[in-house]
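Okay, so here's the structure we're looking at.
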Amino acid sequence: MNYKNVIKDILVDLNIGLESEDIYNTIETPPNKEMGDFAFPTFKLAKTLRKAPNMIAQDLAIQIKSDLFTEIKAVGPYINFYLDQDKFNEVVLTEVFKEKDKYGSSDFGQGKTITIDYSSTNIAKPFHIGHIRSTVIGDSLKRILRFLSYDVVAINYLGDYGTQFGVLLSAYKKWGNEEEINADPIKELLKLYVKYTEEAEKNPELMDEARAWFKKLEDKDEEALKVWSWFKEISLKEFNRVYDLLEIDFDSYYGEYYHSQFVDEVVKELEEKKLLVESEGATVIEMGEEEPPAIILKKDGSSTYITRDIATALYRKKHYDFYKNIYVVATQQNLHFRTLKEILGKMGYKWEKDIDHVQFGMVSLKDGTMSTRKGKVVFLEDVLNKAIDKTKDIIEERNPDLENKDQIAKQIGIGAVKFQELFNTRIKDYVFDWDQVLNFEGETGPYVQYAHARANQILERLGLEIDDQVDFSLLKEKQEIDLIKLIYNTPEVILSAKDKLEPSVITRHVTDLAQAFNSFYNNIHILNSQEDVKKARALLVYAVKTNIKNLLDLLGIHAPDKM
Ligand code: ARG
């Protein structure tokens with residue numbers, strides 16, 4: 001139950017001349033309890049009701065009756081609502097008890113399809129820590145949106161096409177060794193790529209050769225296609241190891257290559273719509289004074305990243321009839337996505353407004369930015385494995401008899417990495433720091449997971465059958481009330497994460513919940529309280545445990561029962 005909604009409904013019934021949404025947004029939560037738990041300022045009504053706000057507040061307050069509140073009264077121009085705490089406890093905890101792992105979900109998105117383009121790794125290039133952000137944020141958004149009943153299509157738009165494949169093909173033909181590549185595909189391919197770009201600085205003709213190889217690929221030359229498919233196959237095998245570790249999957253792997261088959265159609269349509277002009281041999285779309293023209297076809301007639309993205313957006317609209325099409329991609333590509341939307345707009349597609357670039361800040365290394373071209377990268381797989389190993393050490397030290405140690409170490413280690421990624425507002429740049437990823441204290445994944453395991457342990461020790469037939473008035477300690485409020489907020493927090501497309505909202509909330517729970521069990525004797533109090537507290541602990549688990553699940557993080 002949402003108290004603000006209840007108040008809104010009451011006020012709607014009183015015909016106060018405001019739209020229901022307007023009423024909802026006008027309801028405030030005052031900073032201190034004396035001013036009520038909710039307040040409705042009446043200033044906006046003065047005009048239509050032709051009365052002073054103070055009078056309006058008085059007139060309305062006496063007409064409102066609800067057993068959710070102990071008191072509803074006018075204070076100046078405000079109508080203040082004072083919660084009945086016992087009733088509140090009952091409403092919140094009963095709801096969690098009834099809904100369990102569905103608590104906080106809704107049918108909000110029913111019938112609406114959202115495509116999310118995330119991870120979108122590049123074939124033959126390392127899956128480095130720069131990609132983890134897109135991968136982990138995208139996965140969390142997918143979970144949040146599905147929880148709210150949207151039909152979500154998870155798309156890994158593989159970077160499996162483009163001039164860089166010309167570089168790789170040419171480099172492979174010159175210096176490549178099949179055996180070495182098979183033994184350690186990404187590292188060897190990266191080496192070839194780096195060597196080629198270095199050589200090309202001295203000898204620019206190499207770039208022409210690379211372009212020629214890409215052209216061959218576009219023309220479906222047999223040899224080019226064969227080597228390219230092999231690169232793709234061995235790269236995906238590597239990536240899948242990482243996706244398996246992360247337990248992240250996709251509904252579609254249609255990437256740049258797949259959509260390049262529609263490029264001709266797109267060019268034709270752009271031509272018909274008179275959007276194309278020639279510029280220095282290339283075919284471009286003018287983007288106005290401020291922005292560079294968008295290159296649709298290069299001098300040699302080959303397509304570009306933006307051309308393929310136009311084709312892809314059209315394909316997605318046709319294929320999925322999306323309500324929203326979301327791209328989880330770093331801020332570096334801001335211009336690219338702005339251009340994409342503008343071009344679709346110029347083509348007359350009103351749905352360009354349903355395209356959302358969910359951007360995130362850059363990841364850099366302590367000693368400077370990463371650069372694939374220079375081979376300066378941290379491999380994601382190494383990060384994940386290190387985090388798991390470190391967790392194993394800690395478990396050996398603190399809890400060597402734990403069952404399923406390996407599985408739990410994996411859940412904690414991976415959870416720690418994901419949690420750190422999802423903790424900060426996504427737009428923020430951040431510096432990748434080993435010590436921080438592997439720090440398991442404070443506002444971290446393991447800390448939250450531990451609160452969950454602790455709740456589970458308490459429930460096991462209590463050994464009570466959990467039900468909602470308890471005396472809710474017995475939960476009146478500050479720590480208990482704080483927890484119940486946080487649990488009450490969960491559904492709204494999830495909606496806010498959806499509105500902002502921002503998983504960190506959930507990460508923060510679950511951290512608050514874990515902290516409040518810590519303070520609760522450090523200060524309150526649960527096991528040796530009176531029978532009826534114990535029963536009520538057991539229900540509260542159960543609600544906390546259920547909530548933490550649900551929220552971690554929305555972040556793609558496991559909540560082991562023991563750790
Ligand atoms: N593969 C690209 C990269 O790693 C990201 C692709 C994002 N998606 C898109 N539709 N452009 O930079």
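Counting convention: from 1, in listed order, for ligands and their atoms alike.
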Task: Result of checking Phe127, Phe250, Tyr253 against Phe239 for ring-ring contact (aromatic ring centres under 6.0 Å, His included) - done: Phe127
- [ ] For atom 9 (C) of ligand 1, find the nearest protein heavy atom and state the residue, atom name and distance (0.1 Å precision).
- [x] Tyr157 CD2, 3.4 Å
Task: Side chain, backbone, both or neither: Asp309 near ligand 1, heavy atoms under 4.0 Å - done: side chain
TODO: Identify, for atom 1 (N) of ligand 1, the protein heavy atom at the shortest distance, and state residue, atom and that distance.
DONE: Asn122 OD1, 2.6 Å
Open item on the list: Tell me the contacting part of Phe337 for ligand 1: side chain, backbone, both, or neither, using a 4.0 Å heavy-atom threshold, strictly below.
Closed with: side chain
- [ ] Name the closest protein heavy atom to atom 8 (N) of ligand 1, giving the residue it belongs to and the distance to 0.1 Å.
- [x] Asp117 OD1, 3.1 Å
Open item on the list: Whether the Asn182 and Trp230 side chains hold a donor-acceptor pair (N or O, under 3.5 Å, no angle test) is what I'd like checked.
Closed with: yes
- [ ] May I ask you to identify the nearest protein heavy atom to atom 6 (C) of ligand 1, giving residue, atom name and distance to one decimal place in Å?
- [x] Tyr305 OH, 3.2 Å
- [ ] Examine Tyr327 against ligand 1 and note whether any of their N/O atoms are separated by less than 3.5 Å.
- [x] no
Open item on the list: Need the ligand 1 atom indices (1-based, order shown) with element for anything under 4.0 Å from a heavy-atom of Val329.
Closed with: 7 (C)
TODO: Among all protein heavy atoms, pick the one closest to atom 12 (O) of ligand 1 and tell me residue, atom and distance.
DONE: Gln333 NE2, 3.0 Å
Open item on the list: side-chain hydrogen bond (donor to acceptor under 3.5 Å, both in side chains), that's the test. Do His509 and Asn489 meet it? Break it down for me.
Closed with: CA-CA 9 Å; His509 180 64; Asn489 284 340; 5.7 Å; no
Open item on the list: Tell me if a side-chain donor or acceptor on Asp151 pairs with a main-chain N or O of Phe322 at a distance below 3.5 Å.
Closed with: no
TODO: Any chance you could measure Tyr243, atom OH, to Glu238, atom CD, to the nearest 0.5 Å?
DONE: 12.5 Å
- [ ] Could you establish whether His131 and ligand 1 come within less than 4.0 Å of each other, counting only heavy atoms on the residue side?
- [x] yes
Open item on the list: Distance check, rounded to the nearest 0.5 Å: Ile116 atom CD1 versus Ser252 atom OG?
Closed with: 13.0 Å
Open item on the list: Does either side chain, that of Thr490 or that of Tyr103, offer a donor lying less than 3.5 Å from an acceptor on the other one?
Closed with: no
